[in-house]
*Asks:* 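Here it is, the structure, as structure tokens.
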Amino acid sequence: MDPLTSALVEYGALGAFLVFLVVQHVQGQKRMDRLIAQFQQQLADRESAHDTAEELIRQRYDAILARYEADRVQQFEKLHEAMRDLSQNVVSGLGRQ
């Protein structure tokens, strides 16, 4: 008889219970490892989705800023042109007097 079988026969019900506990622990540990791996994958997927959404928001924000900057530059150029025209009109008006 091998040592494991002789130990089980010698310890009887207590030995069988010990084997049951060991097997249950090993199966529970495998299940826990599998659950942890799935949870970590879910976290990675959510982080990836969050990064993608954040990048889209950043692109929209940058587009809005670029549009407002272009509008600001255009308004500044119009104002500068109007001031130049007004200055020329004042200078030409003073020259006629």
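Small disclaimer: the values here were computed from a predicted structure and weren't measured.
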*Asks:* Going by side chain to side chain contact (heavy atoms under 4.5 Å, CB included), H80 matches just one of R84, K78, E77. Which one?
*Replies:* R84

*Asks:* Is the shortest side-chain heavy-atom distance between E54 and R58 below 4.5 Å?
*Replies:* yes

*Asks:* Is there side-chain contact between L21 and H25, with at least one heavy-atom pair below 4.5 Å?
*Replies:* no

*Asks:* Have D71 and Q75 got a donor and an acceptor in their side chains that come within less than 3.5 Å?
*Replies:* no

*Asks:* Look at E69 together with R72 and state whether they make a salt bridge at an N to O cut-off of under 4.0 Å.
*Replies:* yes

*Asks:* Quick one: pull up CG in L79 and CG in L86 and give me the separation to the nearest 0.5 Å.
*Replies:* 10.5 Å

*Asks:* CD of Q42 to CG of D45: how many Å apart, nearest 0.5 Å?
*Replies:* 7.5 Å

*Asks:* Side-chain contact test, heavy atoms from C-beta onward, threshold under 4.5 Å: evaluate it for R31 versus R34 and give yes or no.
*Replies:* yes

*Asks:* How about E55: does its CD atom have over 12 heavy atoms from other parts shown lying under 6.0 Å from it?
*Replies:* yes

*Asks:* If we only count heavy atoms from C-beta on, is the L35 to Q38 side-chain gap below 4.5 Å?
*Replies:* yes

*Asks:* Surrounding CZ of R46 (heavy atoms of other residues, nucleotides or ligands, distance under 6.0 Å), is the total greater than 12?
*Replies:* no

*Asks:* Please confirm whether the backbone N or O of S48 pairs with a side-chain atom of T52, one donor and one acceptor, at under 3.5 Å?
*Replies:* yes

